[in-house]
Participant: 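Got a structure for you, questions after.
Note that the numbering runs from 1 along the sequence shown for the chain. As the structure lists them, so they are numbered: ligands from 1, and atoms in each ligand from 1.
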Amino acid sequence: MNIMKAENYVEMSVQASEYISKKIESKPNITLGLATGSTPKGLYAKLIKNYLRHEISFQQVSTINLDEHIGINQTDPNSYHFYMKTQLFDHIDIRETQTHLPYGNAQDLAKECDRYDLLINRLGGIDLQILGIGHNGHIGFNEPGSSVNSRTQVVRLTESTRKANAKFFKSFDDVPTHAITMGIASILESKEILLLASGRLKAKVIERLVKGKLTKRFRHQP
Ligand code: F6R
């Protein structure tokens, strides 16, 4: 594990964008795992800048996102489909057919989970997974205690996660209660993971992640 420190949020975003840009340069058809939330917004803005300066192209890049809320439409400004379009995809030369997110409004959610896992396999796994982390340590929408062997699944969000996400919604009651998320096993099988965290509250979470004891549940079986 390498820890890269940055002075502030902007510097973290620059460092991350430079790292990812180099990866795209060395493997133009890279598969990137993407996250949403506040943390990667600065990173996406910097990647757009690098693209506009003709430093990188996303033409051959494939992306696969971690998660989506259940019960809201893809066109809803609070959907992660909408987030990815407005924060990144609409501003770069990526092919829409090469961008992937789970559908939280699928009729058959069990089938949607299977489809997503097959898709990850079809893409040959994830080369570089970008992650944020929740205040309670959640990754994607896998809440603490999720099995390390989990695959794409529908999860009930904890009250603390819903409260943290309420900043994006009109009111707490509007925050969806469930989400569909890539499983921990698929995330851990990524060839490389870049986890971004910024701010005092996240520092505590990172301290626990780095120094905390592994629990017995932590036995990943690839
Ligand atoms: C979103 C995701 C979540 C966020 C986490 C932190 O796709 O996977 O795990 O990374 O909730 O969110 P922010 O960055 O808003 O603090």
Participant: For a 4.5 angstrom cut-off between non-hydrogen side-chain atoms, does Y103 reach I180?
Facilitator: no
Participant: With a cutoff of 4.0 Å, is K167 in contact with ligand 1, counting heavy atoms of the residue only?
Facilitator: yes
Participant: Whether the side chain of Y83 engages the backbone of L88 through a donor-acceptor N/O pair (distance < 3.5 Å, no angle test) should be reported.
Facilitator: no
Participant: Any non-hydrogen atom of K202 lying under 4.0 Å from ligand 1?
Facilitator: yes
Participant: Supply the atom-to-atom distance I193 CD1 to L188 CG, rounded to the nearest 0.5 angstrom.
Facilitator: 5.5 Å
Participant: Between S38, G140, G37, which one has a non-hydrogen atom sitting closest to atom 3 (C) of ligand 1?
Facilitator: G140
Participant: Could you check atom 1 (C) of ligand 1 against the protein and tell me its nearest heavy-atom contact, residue, atom and distance included?
Facilitator: T36 OG1, 3.1 Å
Participant: Check the hydrophobic clustering (I, L, V, M, F, W, Y; side-chain heavy atoms under 4.5 Å; chains of links allowed) and say if F141 and I64 are grouped together.
Facilitator: no
Participant: Distance to 0.1 Å, residue and atom name: give those for the protein heavy atom nearest to atom 6 (C) of ligand 1.
Facilitator: I133 O, 3.4 Å
Participant: Could an N or O of ligand 1 be found under 3.5 Å from any N or O of Y80, whether backbone or side chain?
Facilitator: no
Participant: I'd like to know if the side chain of Q153 pairs up with that of N142 as donor and acceptor (distance under 3.5 Å, no hydrogens or angles considered).
Facilitator: yes
Participant: Provide the number and element of each atom of ligand 1 under 4.0 Å from a heavy atom of G132.
Facilitator: 10 (O)
Participant: Tell me the nearest of L34, D67, L101, I187 to atom 7 (O) of ligand 1, using heavy-atom distances.
Facilitator: D67
Participant: Quick check: do L43 and L196 have side-chain heavy atoms less than 4.5 Å from each other?
Facilitator: yes
Participant: So, does E143 use its side chain to make a donor-acceptor pair with the main chain of T158 at under 3.5 Å?
Facilitator: yes
Participant: Can you sort out which atoms of ligand 1 are near L66, meaning under 4.0 Å from one of its heavy atoms?
Facilitator: 8 (O)
Participant: Is there a nitrogen or oxygen of N165 sitting under 3.5 Å from a nitrogen or oxygen of ligand 1?
Facilitator: no
Participant: What protein heavy atom sits nearest atom 5 (C) of ligand 1, and how far off is it?
Facilitator: H138 NE2, 3.4 Å
Participant: Is there side-chain contact between R151 and D114, with heavy atoms separated by less than 4.5 Å?
Facilitator: no
Participant: For T39, counting its heavy atoms only, list the atoms of ligand 1 lying under 4.0 Å from any of them.
Facilitator: 13 (P), 14 (O), 16 (O)
